[in-house]
Amino acid sequence: PMAFNPDLNLAYIPAQEIPQSYARDSRFETQPVGWNTGADFAAGVPPIAPPEVAKFLRSTLKGRLIAWDPIAREARWSVEHDNAWNGGVLSTAGGLVFQGKLNGDFAAYDAATGDKLWSHDLKSGGASGPGTFMIDGEQYVTITTGWGSAFGLSAGFAYDETVPSTVGKVVTFKLGGTGEIADPDFPMIDKTPKGEAFGDEALIAEGAVHYARNCTVCHGPLAVSSGVLPDLRWSAISGHAESFKGVVIDGNLAANGMVSFADHLTPEEVESIRAYVLAQAHAAVPADAGDN
Ligand code: HEC
């Protein structure tokens, strides 16, 4: 949410830039599942993308906190953030503006000038809107933390190096508070492919298209997970055709939110996706080796 300071007549706007390559999907038809935007999510994505792609995407994501003067119709001040999907804004009568960032930095700014007056590491994503309340004359500022959401799922892999913890908390501050936020406990992931690469270039390229259309929005572009769902490259299920088909066609994990694609993909198309996922896994190994 945005916020307003009636004393200063300033509106505080959390802004962001999330560019996306856009190409019309020439074979697009409205489907009962999926995003149905008509955009071709496979456009511009090389069949096997080098790790530099994530780095490049990260460099294109921008965020900003803008103090907007609605009468002068111009920004009074603005603060640049080096990432997108940051939190909503809280404006207080005491002349402070609070905003969390996705990387966990929670800050208070001077409402009139934008000077950063205070900040604290939330040790998880600070992407929600903070609130404030008073008990027995003491004021508290509180924010829910965590990592996920549509952005985390579909674009979060661009955060690979600094991905926030998926464990969410309610974190509350007061003046002179001494509580500590526990360090996140990141699961160790065995980043090795669990199956042999297979299929020729044509099959892998076909798999890339089906993956981009049907799987990207949850499992991440280029089969690189954002840390919310299992990374298909390192999943034992990807190494085994029957198990993979069992999940994707037969809906074996439907109760956990992984729906069946039986109405949208043939078993051959699903096998092409598996070829693509394993190709991505093997392509990533030299770069990620020893980097667990
Ligand atoms: C709407 C979101 C969504 C989409 C789209 C989606 N998945 Fe999933 N997928 C999930 C969730 C949630 C899980 C985790 C289920 C669990 O915790 O057991 C999952 C798990 C999986 C697993 C099991 C991985 C493991 O190691 O446990 C496989 C394999 C898989 N998905 C393949 C695919 C493929 C292939 C596609 C595209 C055809 C796809 N998924 C599209 C949500 C999605």
Side-chain angles (χ1 to χ4, degrees), residues 1-19 58-70 72-134 138-156 158-159 161-177 179-181 184 226-228:
M2 49 189 269
F4 184 64
N5 183 319
D7 299 327
L8 297 170
N9 260 329
L10 286 178
Y12 303 98
I13 304 169
Q16 61 187 355
E17 288 171 26
I18 306 178
R58 179 160 46 232
S59 74
T60 67
L61 299 171
K62 300 256 179 300
R64 202 167 289 132
L65 173 59
I66 301 171
W68 185 257
D69 181 336
R73 294 192 220 172
E74 62 186 23
R76 187 79 60 79
W77 53 260
S78 76
V79 175
E80 296 292 316
H81 302 325
D82 56 4
N83 58 30
W85 218 258
N86 300 297
V89 185
L90 167 71
S91 154
T92 70
L96 296 176
V97 176
F98 288 87
Q99 187 189 25
K101 287 180 12 186
L102 191 56
N103 68 6
D105 184 32
F106 186 43
Y109 303 90
D110 183 313
T113 63
D115 289 337
K116 193 173 181 179
L117 302 175
W118 169 88
S119 73
H120 199 93
D121 182 8
L122 297 167
K123 299 187 182 174
S124 184
S128 72
T132 185
F133 54 91
M134 202 175 257
E138 189 147 41
Q139 191 168 5
Y140 298 83
V141 171
T142 195
I143 182 168
T144 55
T145 71
W147 168 246
S149 79
F151 176 80
L153 286 175
S154 62
Y159 273 76
E161 287 161 27
T162 55
V163 75
S165 164
T166 51
V167 178
K169 287 192 166 70
V170 180
V171 180
T172 302
F173 296 91
K174 67 169 190 175
L175 282 176
E180 299 264 330
I181 305 169
S226 61
V228 181

(message) Could you tell me if the side chain of Thr132 sits less than 4.5 Å from the side chain of Phe98, heavy atoms only?
(response) no

(message) On a heavy-atom basis, which atom in Thr142 and which in Thr172 lie closest, and how many Å separate them?
(response) OG1-OG1, 2.7 Å

(request) Could you pull out the closest heavy-atom pair between Val167 and Ser124, with the gap in Å? (result) O-OG, 3.4 Å

(message) Tell me if the CD atom of Glu180 is crowded by more than 12 foreign heavy atoms within 6.0 Å.
(response) no

(request) Decide yes or no for Leu102 and Trp147: does some side-chain heavy atom of the first lie under 4.5 Å from some side-chain heavy atom of the second? (result) yes

(message) One pair to check against side-chain contact (heavy atoms from CB on, under 4.5 Å): Ile13 and Val89. What are the steps and the verdict?
(response) CA-CA 7 Å; Ile13 304 169; Val89 185; over 6 Å; no

(message) Please check: side-chain N/O of Asp69 versus main-chain N/O of Leu10, any donor-acceptor pairing under 3.5 Å?
(response) no

(request) Keeping the roles fixed (side chain from Ser128, backbone from Thr144), state whether a donor-acceptor pair exists under 3.5 Å. (result) yes

(message) Tell me if a side-chain donor or acceptor on Trp77 pairs with a main-chain N or O of Ala111 at a distance below 3.5 Å.
(response) yes

(message) If I take atom CG from residue Asp105 and atom CG from residue Leu122, how far apart are they, to the nearest 0.5 angstrom?
(response) 8.0 Å

(request) Identify the heavy atoms of Pro14 and Pro1 that sit nearest to each other, and give their distance. (result) CG-O, 3.9 Å

(request) Mind checking the CD-CH2 spacing from Glu74 to Trp68? Nearest 0.5 Å is all I need. (result) 7.5 Å

(request) Specify whether Trp118 and His120 have parallel, tilted or perpendicular ring planes, treating 30° as the upper limit for parallel and 60° as the lower limit for perpendicular. (result) parallel

(request) Quick one: do Lys116 and Tyr109 satisfy side-chain contact (heavy atoms from CB on, under 4.5 Å)? Show the steps, please. (result) CA-CA 4 Å; Lys116 193 173 181 179; Tyr109 303 90; 4.0 Å; yes

(request) Enter the distance from Thr92:OG1 to Asn5:CG here, rounded to the nearest 0.5 Å. (result) 8.0 Å

(request) Quick one: pull up CD in Glu138 and CG in Leu175 and give me the separation to the nearest 0.5 Å. (result) 7.5 Å

(message) How long is the straight-line distance from CG of Asn103 back to CG of Asp82, given to the nearest 0.5 Å?
(response) 6.5 Å

(request) Indicate yes or no for a side-chain donor-acceptor contact from Thr145 to the backbone of Lys169 under 3.5 Å, with no hydrogens or angles considered. (result) yes

(message) Quick check: closest heavy atoms across Ala84 and Lys62, and the distance to 0.1 Å?
(response) CB-O, 3.7 Å

(request) Give the C-alpha distance, both sets of side-chain angles, the deciding distance and a yes or no for side-chain contact (heavy atoms from CB on, under 4.5 Å) between Gln16 and Asn86. (result) CA-CA 8 Å; Gln16 61 187 355; Asn86 300 297; 5.8 Å; no

(message) Tell me if the centroids of the rings in Phe173 and Phe106 come within less than 6.0 Å of each other.
(response) yes

(request) Could you tell me the separation between the CZ atom of Arg64 and the CD atom of Gln99, rounded to the nearest 0.5 Å? (result) 12.0 Å

(message) Checking Leu61 against Trp85 for the side-chain contact (heavy atoms from CB on, under 4.5 Å) test, could you report, in this order, the C-alpha distance in whole Å, the side-chain angles of both residues, the deciding distance, and whether it holds?
(response) CA-CA 9 Å; Leu61 299 171; Trp85 218 258; over 6 Å; no

(message) Side chains of His81 and Leu65, heavy atoms from C-beta outward: is any pair under 4.5 Å?
(response) yes

(message) Closer than 3.5 angstrom, by distance alone: can the side chain of Ser91 be matched with the main-chain N or O of Phe4 as a donor-acceptor pair?
(response) yes

